[in-house]
Number of protein chains: 2
Amino acid sequence: MIKKQLIMEKALELFAKQGFEATSVQQITEHCGISKGAFYLSFKSKDELILALINHFMMQFISEIDYIVRNTNDDKELLYKFYYATFDSFHKHSDFAKILMKEQGQSINKELILKMHYYDRLFETVILSMIERLYGKEVKQTKYDLIYCIKGFMNTYSTLFLFSNVPLDVNKLSKSLVEKTNLLARHTTVPFISQELFQMFNHPMNEEGTKKEQILEIMEQKIKEMVEPIEKESLILLKEQLLEPTLSPAIVKGLLENIRNHPHCKWISYLLRGYFKL
Amino acid sequence: MIKKQLIMEKALELFAKQGFEATSVQQITEHCGISKGAFYLSFKSKDELILALINHFMMQFISEIDYIVRNTNDDKELLYKFYYATFDSFHKHSDFAKILMKEQGQSINKELILKMHYYDRLFETVILSMIERLYGKEVKQTKYDLIYCIKGFMNTYSTLFLFSNVPLDVNKLSKSLVEKTNLLARHTTVPFISQELFQMFNHPMNEEGTKKEQILEIMEQKIKEMVEPIEKESLILLKEQLLEPTLSPAIVKGLLENIRNHPHCKWISYLLRGYFKL
DNA sequence: TTGACAAATGACTCGTTAGTCATTATTATA
DNA sequence: TATAATAATGACTAACGAGTCATTTGTCAA
């Protein structure tokens, strides 16, 4: 298990520098100081490795941003916090962000493309819920355009500081983008992306409906692995709540809070927040 | 020479579908109905092919947009025409645009990365000159941000219609982006990218200063190849003008107009417009 | 028809890579 | 200490791809 993490860390560095295709398993194992055979004890294939990396970081990223959007009460702060957290995350995990940019749309692996689409959709959902909350009916016609504008901002500005070695002021950048986003939200009158168009783009959303049964499966897996008592009990209680709702919303929310910051529970926490509508 | 074009066309299709790395020379030659050896009669290597493709399309694209920006007199139309031409070009050459998106930042080839950066800088220059003309001192503090916003819009909206099979209304999209750009230009007060920052990003601009001597070299090459009498004479006169300015601006402009629409002269025409400041 | 020249071919070389598996080293258990 | 179980190794295979070059095919002038 610890070996798996080592491989993921070292591979991340190489992928960010050279790209996925251009990095051989040989190189990865050398960089880890292990043998080639040892690699295949942890991962069935090179593809499984990149998939694990994508999953690991995207789950972390999405759940982090989603938590911020759900738990920032002050509307005035929300957009700033959203941008700040996004760029801060890109900055902290810049190697992963680089891979994301490089492998964008690329990748021969079909499963990977689907996964990327899936996370992209999730992220769009988070943005959309934020926009709807902040601007309400004001952006009824233009909210889908706003999503793409926000994504466009994130894309260009990320590329900028990921691929040049210029130190960046996340605070200043976020403030600047908050102003731009507000401007567009409040004054745009000519929409391009209608709801129909938006749904057409997002058609293959099916991938992992993440229904009750799937959440249960993931939870059982984690409960087995978990050693910390508080987190473990919280997980068990939440699992029971999932099977048969008996606890009050306050208790459920508290239990979620217990597991939220455990590195292995962020994703479960995100799924449950969605399921319990908290 | 005609073989070269065939290879470029067929390779473009495959690269757009599968990516550059994932496409073998074997596949390209099979798709062309020629032998592997024949490929190497036209191109020294696979890298030379992708470089030729990038050069071919980027020259065409940049010079087209530059011409529009320089020759649209009505400021009210300019931004619309800019967006329209951009998306129209992406649409017409969607296979190339796909490659551009996929190979973005990627690519092991150093020469290619430099070339891409170079064209990126040229495109930014065109955008900047347009912004300065349209908004003047109004955007003194925010013009560099505006460049990246425009590029961000282009990026997200292109991805959208390049990788989903939804038919697009370029007219509507352009109008929508014109409004957004105007909003940002007129009301943004919080800049993020200062002039210093902008220059830091663009540091390695050196690549092909495209000075007089280089233009001359390209011209001599083209003069030899050219068969059409009017274009040929225009080129010869322009070459003389480059060596020793004797003609009036009106005549020079007319000569440029003569060659502008010849598929092989667009790039020269662009370089000369810059050199003669027309 | 012939011979000289150019165009085109594809079998071949050489390097590289993902993935396997018989063998060896390490650790746990009795 | 002996034995079993598990972890780790790296030489090996099979496949593929870029680029080469001896040979064949086509063209055209004499």
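Just so we're clear, the structure is a prediction, and the values are computed from it rather than from any experiment. Lettering of chains follows the sequences in order, A, B, ..., and the numbering in each one begins at 1. The basis for the numbers below is simple: all heavy atoms, side chains too, and nothing from hydrogens, waters or symmetry mates.
With a 4.5 Å cut-off on side-chain heavy atoms, N155(B) and T156(A) do not count as touching.
Evaluation of the side-chain hydrogen bond (donor to acceptor under 3.5 Å, both in side chains) rule for Y270(A) yields no partner, not counting sequence neighbours. Partners of I127(B) according to the side chain to side chain contact (heavy atoms under 4.5 Å, CB included) rule, which considers only residues two or more places apart in sequence or in another chain, are F82(B), F123(B), I131(B), I147(B), I150(B), K151(B). Residues that satisfy the side chain to side chain contact (heavy atoms under 4.5 Å, CB included) test with E30(B), not counting sequence neighbours, are Q26(B). Every side-chain hydrogen bond (donor to acceptor under 3.5 Å, both in side chains) that S234(B) has, sequence neighbours left out, goes to N258(B). Applying the side chain to side chain contact (heavy atoms under 4.5 Å, CB included) test to E233(B) and every residue at least two apart in sequence or in another chain returns L237(B). The side-chain hydrogen bond (donor to acceptor under 3.5 Å, both in side chains) check on K232(B) picks up nothing, with sequence neighbours excluded. A search for salt bridge (charged side-chain N to carboxylate O under 4.0 Å, His left out) contacts involving E9(A) returns nothing, not counting sequence neighbours. The side-chain hydrogen bond (donor to acceptor under 3.5 Å, both in side chains) test applied to Y40(B) returns no partner, not counting sequence neighbours. With sequence neighbours excluded, the residues that form a side chain to side chain contact (heavy atoms under 4.5 Å, CB included) with T23(B) are L14(B), F15(B), Q18(B), Q27(B), I28(B).
Summarising the geometry, the separation between CD1 on I2(A) and P on dA8(D) is reported as 12 Å, rounded to the nearest angstrom.
Residues from residues 7-17 of chain B with heavy atoms under 4.0 angstrom of DNA chain C: there are none. Contacts between residues 40-50 of chain B and DNA chain D, defined by a heavy-atom separation below 4.0 Å, involve Y40(B), S45(B), K46(B), listed by number.
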So which protein nitrogen or oxygen atoms get under 3.5 Å of nucleotides 10-16 of chain C's nitrogens or oxygens?
from: dG10(C); atom 1: N7; to: G37(B); atom 2: N; distance (Å): 3.4

